[in-house]
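Being a predicted model, the structure only gives us computed values, none of them experimental.
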Amino acid sequence: MAGSAAPELRGFFDAVRKRADLVGSLLCVGLDPHAKHLPEPTAAAAERHSLDLIAATAEYAACYKPNAAFFEVFGEAGLAALKRVVSAGRAAGVPVLLDAKRGDIGDTSQAYAASAFDELGADAITLSPYMGWDSLAPFVDPGRGYGETKGAFVLCKTSNPSSGDVQTLRTAGGGRRVFERIAALTVPGQHWNRHGNVGLVVGATDIEAIEAVRAENPSAWILAPGVGAQGGDLEACCRAAITKDGYGLLLPISRGISAAPDPAAAAKGFRDAINAVRSEKKAAPAGLGDSASELQLQPYQRNFIEVALSSKALCFGEFELKSGRHSPYFFNAGLFNTGKAQAMLCSTYAARIAASGMEFDVIFGPAYKGIALAAGIAAALYEEHGLDYGFAYNRKEAKDHGEAGTLVGAAIAGKRCLLVDDVISAGTAIREAMAILSAAGASLAGVVVALDRQERTGGADELPLSAVQAVQKEFGVPVLSIVGLDALLAYLEAKGGADLVKYAGAVRSYRERYGVAKA
């Protein structure tokens, strides 16, 4: 993704990593003294319960997570008890994350930050990001007083059954789901996580969501509640969330430890189970592992492949091409023929263009497929990236009335045009578009297509270049693609599942027989 380099770990996350190294653990022990589980419903009992857990589990804990609500319910005495519990956790050398899920703005949010960090002494806090950066800044912006040493986990995809009411809705233009947008905003060094002190809460009950978050955000720390009573799969969660270097996850366990006959033994068991997966991840050779291939893909590439598959625009099997070759896949952009599919397609084009840094003035879509593309991409660039470009396209037949001529849309005379199309087969469409642009006094800045087949042009006059490379050489402009054959292969091997991974061998063989280096 575009943006500045990720900052070094600092404050809370630096402390967590050092603690993880010291005790060999990614276990986060939840301190949740439910009144119904205490010997008596008092602040003193809640405090005793928590202090006993700290004493039993300190040698296995990378972090403690007291839930503020179970102390606040006891009023002033409960808050005093919470403060002493936080202090005890920190005295044991363990970072303390206050589970409070605050979410407000202005002076209210600043007061919440002062309460959590100054009054209670916590090292980090859970936050609701519904109100955006304004609600997070008081906790994590160094300029506001706490960001240098404190941290936060923001709610991303939670483990409760109704989380999908909002969190899985698609953002404007049919793009990312809401939780994926939150994940993208918290990439270390960018946006909300510009200071490297923000992590994500992603429920262990939804492995697909964890994988989607990791695709958007490969390195931020994830807090993954839900293992135990909520049914989360510890091993699957760890495989999806732990980063290649063996970090990136805090797995909170509460009742699974506190209700165990021997809490210390239970904590050790959870730690060891996490470490079994952690060791596998760290030991996996470069280029291998559960998601190594997918790590080569940008989120927009994964999104493109998935919408292409769901709309049947991309199919795997055996197909005879015009060149006479037998291809293991077939691409037909005409099948992006619903509003949802078109919106998602244009979102991936926009992401590719925004990430490229290419300089141009107008988006040009040659008739006919390019017309819808140009309009949709211009809208997606504005909606999703804040980039406002004009767009234009041509008619096949000139009009002698109204908007006369063959060109429609933004003026292109003297402008640098970015041509958008679905694929380049022989370059004929590009040459025709070049003639149109030249006649109108415009220049070609570059080309963006959906798919680069990365294969030598077929037929009797087979060339050592792909169609994309031939266009680059002929016109001297960059040609970008959302995906190439390499990306399709990476997806098949990493995410395809049993129904698709069976085609990976055929795609690889085709690539080896006809392929060229990526353009």
Distance-only side-chain donor-acceptor flag, [X] / [Y], under 3.5 Å:
X      : Y      : answer
Glu306 : Tyr491 : yes
Ser347 : Glu384 : yes
Asp32  : Ser254 : yes
Asp104 : Ser109 : no
Asp486 : Gln454 : yes

Nearest heavy-atom neighbours spanning [X] and [Y]:
X      : Y      : answer
Asn193 : Val187 : CB-O, 3.5 Å
Leu387 : Ala354 : CD1-CB, 4.2 Å
Ala450 : Tyr349 : N-OH, 3.2 Å
Val420 : Pro366 : O-CD, 3.4 Å
Phe179 : Ala209 : CE1-O, 3.7 Å
Pro66  : Val96  : CD-CG1, 3.7 Å

Say you draw a straight line from [atom1] of [X] to [atom2] of [Y]; how long is it, rounded to the nearest 0.5 Å?
X      : Y      : atom1 : atom2 : answer
Gln167 : Asp206 : CD    : CG    : 9.5 Å
Tyr389 : Cys417 : OH    : SG    : 12.5 Å
Arg453 : Ser327 : CZ    : OG    : 4.0 Å
Leu200 : Leu249 : CG    : CG    : 11.5 Å

Practice problem: May I ask you to decide whether Asp245 forms a salt bridge with Arg17, counting only side-chain N to carboxylate O separations under 4.0 Å? | Solution: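 Here Asp245 pairs with Arg17 in a salt bridge, since their nearest N and O are under 4.0 Å apart.
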Quiz item: Should the pair Glu280-Arg239 be classified as a salt bridge under the 4.0 Å nitrogen-to-oxygen rule?
Solution: yes
Quiz prompt | side chain to side chain contact (heavy atoms under 4.5 Å, CB included) assessment of Ile182 paired with Trp192 | solution = CA-CA 9 Å; Ile182 291 170; Trp192 292 350; 4.0 Å; yes
Quiz item: How about Tyr146 and Phe139: are their ring centres within less than 6.0 Å of each other?
Solution: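 Centroid separation for Tyr146 and Phe139: 6.0 Å or greater.
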Quiz item: With a 6.0 Å cut-off on ring centres, are Tyr510 and Tyr514 close enough?
Solution: yes
Practice problem: Check whether any side-chain N or O of Arg177 sits under 3.5 Å from a backbone N or O of Arg170 as a donor-acceptor pair, and report yes or no. | Solution: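 Absent.
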Quiz item: Would you call the rings of Tyr503 and Phe316 parallel, tilted or perpendicular, where under 30° means parallel and over 60° means perpendicular?
Solution: parallel
Quiz item: Would you call the rings of Phe153 and Phe13 parallel, tilted or perpendicular, where under 30° means parallel and over 60° means perpendicular?
Solution: perpendicular
Quiz item: Is atom OH of Tyr130 surrounded by more than 12 heavy atoms (other residues, nucleotides or ligands) closer than 6.0 Å?
Solution: no
Practice problem: Tell me, yes or no, whether the heavy-atom count around Asp107 atom CG, taken from other residues, nucleotides or ligands under 6.0 Å, exceeds 12. | Solution: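 Not buried by this count: 12 neighbours or fewer within 6.0 Å.
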Self-check item: Trace of the side chain to side chain contact (heavy atoms under 4.5 Å, CB included) decision for Val213 with Ile222
Solution: CA-CA 9 Å; Val213 166; Ile222 289 175; 4.1 Å; yes
Practice problem: Could you walk me through whether Asn332 and Phe330 pass side chain to side chain contact (heavy atoms under 4.5 Å, CB included), step by step? | Solution: CA-CA 7 Å; Asn332 178 8; Phe330 187 74; 3.9 Å; yes
